Amino acid sequence: MFNLDKLLRDNIRQLVPYSSARDEFKGEARVFIDANENSLGSPLTKWYNRYPDPHQWKVKEAISKVKGMLPQHIFLGNGSDECIDLLYRAFCVPGKDNVIINPPTYGMYEVSAHINDVEVRRAVLLDDFQLDLVHLETLVDEHTKIIWICSPNNPTANSINRQDIEIVLNNFPGLVVIDEAYINFSRHKSFIQELSDYPNLVVLQTMSKAWGLAGLRLGMAFASEAIIDIYNKVKPPYNISQATQELALKALEEVGQVNDMIRSLVTMREQLSHDLAELPMVRRVYPSDANFLLVKVDDPRGAYAHLLQAGIVVRDRSKVELCEGCLRITVGTEGENAELLKSLTTFRPQA
Ligand SMILES: Cc1ncc(COP(=O)(O)O)c(C=O)c1O
């Protein structure tokens, strides 16, 4: 049985959160001399001398309209990476608790665990890049707090079978985090509509991929109000800057433009996948539900170096388990994809 209160670290259960000046005063006033800001202004235009809304309500309301989720079910982090780290801090006792990852997968689940001195257990994906549920189950013990599932998965680019995720959600009494950073490029639907069915579910999304705003650093966690309250308790008071909040609000008015970009990227991904598969040095292009392709090639290190000489940088994943021989290639612009293909046609793999 899932019991959120029991899952929480004792020190977090007892924590009295920081109460900022902006938390304590919410009404109308003319003179703000409560937060030790610079009362004269700032070198920038606008009111950047003031601390931003610590709960980012306007941004959450705008996200709420796009995603169909109430603002109380949304937490915003300085990138998804902050949403990942805060879960460790809230739920995992260093040196005692553990989490399970399904490698090959996004590296920050493990790095963040190490930073927080939390043990990482590894249920390596099956050869078809799906969950190994039998192995996964054997890894769970009373100190397992989180299972991380990345879908679509980085770097394998596939979506994880929905039924398998549901089995984990129904049987694991800890938190199940589904990282949907690439969901907008997928033919499968998000799990955010399932939040009311699963009190142990946290869904992560980000403005860094489909929204084209990696430089802004805005990650989203969707979960029950109880989990969002815990996030708010442990987060730094002003974790999303005024500039990020303003720019995110502007971007959220442009859903149409973002949808156009998603459609174009998906079309270009399919074209690039087809074109790469025609090259003699390419052994396999894996199906992708993301904005990148996992490509098995002859002599991956040589191919990587060859591309780099032409000024093209891809990600060498050839030493990653299950990705032996693979490069991970983000879908570029039309011109960049053409350059990539042209450069690869002149590559002669070494045996
Ligand atoms: C699966 C996955 N999750 C999260 C992130 C990080 O996202 P953000 O830029 O929001 O920190 C990445 C970045 O590549 C990713 O691949």
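Bear in mind that the values here come from a model prediction, so they are computed numbers and not experimental data. We number each residue from 1, following the sequence as shown.
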Taking Asn337 for its side chain and Gly332 for its backbone only, find out whether a donor-acceptor pair lies under 3.5 Å.
yes
Report the C-alpha separation of Met281 and Leu344 in whole Å, then their side-chain angles, then the decisive distance to 0.1 Å, and conclude whether the side-chain contact (heavy atoms from CB on, under 4.5 Å) test is met.
CA-CA 8 Å; Met281 45 110 33; Leu344 285 178; 4.0 Å; yes
Considering the options Leu272, Asn154, Ile329, which one meets the side chain to side chain contact (heavy atoms under 4.5 Å, CB included) requirement together with Phe292?
Asn154
Carboxylate-amine/guanidinium proximity below 4.0 Å for Glu119 and Lys96:
no
Parallel, tilted or perpendicular for Tyr109 and Tyr106, by the 30°/60° rule?
perpendicular
What I want to check is whether the side chains of Gln56 and Gln245 have a donor and an acceptor closer together than 3.5 Å.
no
Verify, without hydrogens or angle tests, whether Lys60 (side chain) and His55 (backbone) share a donor-acceptor contact under 3.5 angstrom.
yes
Residues Asp298 and Arg283 bridged, charged N to O under 4.0 Å:
yes
From Met261 atom CE to Asn184 atom CG, the distance as rounded to the nearest 0.5 Å
10.5 Å
Could you tell me whether Lys58 and Asp53 have a side-chain N and a carboxylate O separated by less than 4.0 Å?
no
Phe25 and Phe32 aromatic ring geometry - parallel, tilted or perpendicular at 30°/60° bounds
perpendicular
Are more than 12 heavy atoms, taken from residues, nucleotides or ligands other than Asp127, located less than 6.0 Å from that residue's CG atom?
no
Any salt bridge linking Arg9 with Asp97? Criterion: basic side-chain nitrogen under 4.0 Å from a carboxylate oxygen.
no
Sidechain N-carboxylate O distance under 4.0 Å for Glu110, Arg122
yes
Run the salt-bridge test on Arg162 and Glu194 with the 4.0 Å N-O cut-off and return the result as yes or no.
yes
Measure from NZ or CZ of Arg22 to the centre of the six-membered ring of Tyr51, then state whether that distance is under 6.0 Å and the direction lies within 45° of the axis.
no
What distance do Ile63 atom CD1 and Met220 atom CE have between them, rounded to the nearest 0.5 Å?
5.5 Å
Salt-bridge test for Lys233 and Asp229: reply yes if a basic N is under 4.0 Å from a carboxylate O, no otherwise.
no
Work out which heavy atom in Pro300 is nearest to a heavy atom in Gly325; give both atom names and the distance.
CG-CA, 3.6 Å
